[in-house]
Each structure stands twice: as C-alpha cells, then as structure tokens.
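This report concerns only the one structure given below.
Residue numbers start at 1 and run along the sequence shown. We use all heavy atoms of the structure for the numbers below, so side chains are in, but hydrogens, waters and symmetry mates are not.
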Amino acid sequence: AVDATRKRFGRLDLAHLNAGIALTSNVLDTPLEEWSRTLAVNLSGVFYGLQAAARAMRDSGGGSIVITSSDAGLRGGASMGSYCVTKHGVLGPMKCAMADLAPHKIRVNAVCPGVIDTPILGPLHGNKLFTEGIFAQMHPIGRVGQPEDVGRTVAFLLSDEASFITGVALSIDGGLNAVFGTAAASGSNPLEKINGCAPEDRFEWRRCAQRSAPGSRRTTRASPASSFRRARSRWPKAGSSTGFATGSASSTTPATSTTA
C-alpha cells in the first residue's frame with residue numbers, strides 16, 4: 001500500500017495503521033494457532049506497516065502516523081488474552097518510534113478505542129439491544145462509540161493542528177476506561193457503580209446489565225443476558241480459522257502537506 005501511494009501521489013505524508021482481529025479464549029485454553037494469528041495481524045502487521053510508512057516519510061521530509069490500539073491495550077479482560085497482548089504490544093513500538101523518528105520530523109501517536117459499533121463486535125454489531133442498552137449503560141457518556149468518533153480523532157492527530165502532539169495513546173471510549181480504572185484503584189467494583197451490581201457479581205456484567213436494563217426483571221425470559229449468550233455462541237471458537245477483522249496492515253492516507 002505504501003508503494004502504491006508513492007507511485008500515485010509521489011510521496012507519503014500520513015498513515016493510519018488500523019489492523020485488528022479479535023478472537024476470544026481463556027488464557028489456559030488459547031491454542032497456538034489463535035495466538036500466532038492474532039500476533040501476526042495485530043502486532044507484526046502494525047510494526048511492518050510502521051516501518052514501511054516511516055521510511056517513505058523520512059525520504060519525503062516528515063509526516064505523521066497513527067496506530068490503532070484499544071482500551072484493551074490499557075487494561076485486561078477475561079477471555080481476551082491474545083487480543084490484549086497485541087493491543088498493549090503496539091503501544092511500546094509507538095513510543096519507541098516516536099523517539100526514533102522525531103529527528104526525521106515524523107510524529108507517531110496511538111488511539112485506544114473502547115466499544116465502537118463496528119463489525120469487530122461480531123453478531124452484536126448494529127444490535128440496538130446492546131449498542132443502545134447494555135453497552136451504552138456501561139459508559140458514563142451514555143452511548144457506545146461510532147466509527148466517525150474514531151475517524152475524527154485520527155484525522156486530528158494526523159493533521160498540522162496536532163503538530164505538538166507525539167507519543168500519546170489517546171482513549172476514545174466515552175469515559176469507560178477512566179471509570180473502570182478509578183474504581184479498580186479504590187478496590188470497589190466498577191459494575192456496582194455503573195449498573196448497581198452486588199460485589200458477588202463482579203465478573204458477571206451480563207447478569208448485572210440484565211437487572212439494570214430499563215424494564216427488565218430477573219425473571220424475564222427474553223433477557224439481554226440470554227440474548228448475549230445466544231449471540232456469543234456464534235462467535236468464532238478458540239482456534240477457529242475465522243475472526244472479526246477491520247482495516248489493513250498498512251492503511252495509508254495521502255495528503256498534500258507534511259506534518260511535523
């Protein structure tokens with residue numbers, strides 16, 4: 001993609017590295033195939049894209065790069081081992097690249113999206129029961145993110161308006177990570193604060209969300225939690241050959257001005 005951009009436009013000024021797949025399994029049960037595939041796409045793919053884009057920008061006098069990490073790169077989560085490793089992992093090269101590339105007038109930043117309504121959510125993508133119900137209630141801002149929320153932030157970081165910003169991992173999550181982070185630090189249960197959960201339900205956010213959903217009762221048969229379990233059963237199993245992918249390993253956006 002970098003070579004194609006340079007061939008068409010003569011140079012590369014901006015790059016958004018937006019590769020990602022999400023496969024879920026417990027750390028005790030993660031097969032080597034899942035581990036290797038997730039690292040190949042989410043971590044190695046981003047690193048190779050970073051190298052290719054940075055070399056092109058060095059040759060043209062500077063530029064700006066944004067890497068997509070995740071809120072999962074700032075904390076952990078059950079059955080998210082391989083995904084969290086890679087999203088934590090891209091933040092290290094981002095900061096190292098920031099230092100290495102600054103002399104070449106190349107800025108490097110990362111965005112850390114939270115729950116964004118894209119195909120990476122699998123069967124929950126576009127499902128209003130979750131995007132306007134359970135997931136929305138977990139966010140202090142009262143809604144899940146949309147692709148344009150991420151797009152506008154990436155465009156800003158790539159632009160000359162952000163010329164003094166580099167080496168930053170910026171959350172785009174409606175405040176979700178801040179709430180979970182402060183609650184965890186205080187030793188309280190974040191789900192209890194958000195959804196009125198009891199301490200014994202600490203790791204059962206689906207059950208908590210069921211109880212706190214408007215008009216729901218613990219005896220409701222068609223509950224959000226049961227709907228979630230049905231949808232979750234259709235997600236790729238550990239070691240499966242399919243996953244939810246977005247972006248490309250070296251997505252690039254040409255521009256006419258160089259940011260530094």
Side-chain angles (χ1 to χ4, degrees), residues 18 20-24 68-80 83-84 87 111-156 169-186 188-236 243-247:
N18 187 43
I21 61 172
L23 301 175
T24 60
T68 298
S69 178
S70 170
D71 256 11
L74 303 175
R75 50 188 173 86
S79 297
M80 296 177 64
Y83 184 73
C84 284
K87 292 304 182 177
V111 292
C112 299
V115 180
I116 310 296
D117 189 14
T118 68
I120 205 167
L121 291 180
L124 303 186
H125 172 45
N127 185 331
K128 292 186 177 181
L129 175 64
F130 299 96
T131 60
E132 297 181 6
I134 294 174
F135 285 166
Q137 293 169 30
M138 295 177 66
H139 293 70
I141 206 169
R143 67 176 180 88
V144 303
Q146 297 298 321
E148 53 267 28
D149 292 317
V150 179
R152 284 191 292 263
T153 306
V154 170
F156 166 71
L170 182 60
S171 288
I172 312 171
D173 65 356
L176 184 63
N177 190 58
V179 170
F180 272 69
T182 55
S186 66
S188 62
N189 176 11
L191 296 178
E192 184 176 7
K193 178 181 291 187
I194 297 173
N195 289 327
C197 292
E200 62 269 20
D201 290 339
R202 181 169 184 173
F203 299 108
E204 295 294 338
W205 68 267
R206 286 167 293 212
R207 186 164 62 215
C208 298
Q210 174 188 349
R211 288 205 301 269
S212 61
S216 67
R217 295 180 298 178
R218 300 186 73 166
T219 56
T220 302
R221 292 192 175 186
S223 67
S226 61
S227 298
F228 181 93
R229 285 192 291 271
R230 287 196 298 271
R232 178 71 167 75
S233 69
R234 297 194 293 272
W235 288 24
F244 309 126
T246 60

Least distance between heavy atoms, Pro147 atom then Ile116 atom: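 The answer is N-CG2, 3.8 Å.
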
Shortest non-hydrogen contact from His139 toward Leu176: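 Nearest heavy atoms, His139 then Leu176: NE2-CD2, 3.8 Å.
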
Residues that Ser69 engages under side chain to side chain donor-acceptor pair (under 3.5 Å), provided they are two or more places apart: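 Expected list: none.
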
Any Phe130 side-chain heavy atom under 4.5 Å of Leu121 side chain: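 No, their side chains stay 4.5 Å or more apart.
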
Close side-chain approach of Ser171 to Asp71, heavy-atom, < 4.5 Å: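 Side chain of Ser171 against side chain of Asp71, heavy atoms only: contact under 4.5 Å found.
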
CG on Leu74 to NZ on Lys87, rounded to 0.5 Å: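 It is 11.5 Å, given to the nearest 0.5 Å.
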
Any residue meeting side-chain contact (heavy atoms from CB on, under 4.5 Å) with Gln146, in chain and number order, not counting sequence neighbours: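 Applying side-chain contact (heavy atoms from CB on, under 4.5 Å) to Gln146 gives Asp117, Arg143, Val144, Glu148, Asp149.
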
Residues in side-chain contact (heavy atoms from CB on, under 4.5 Å) contact with Ala72, at least two apart in sequence or another chain: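 For Ala72 the side-chain contact (heavy atoms from CB on, under 4.5 Å) partners, ignoring immediate neighbours, are Ser70, Met80, Tyr83, Cys84.
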
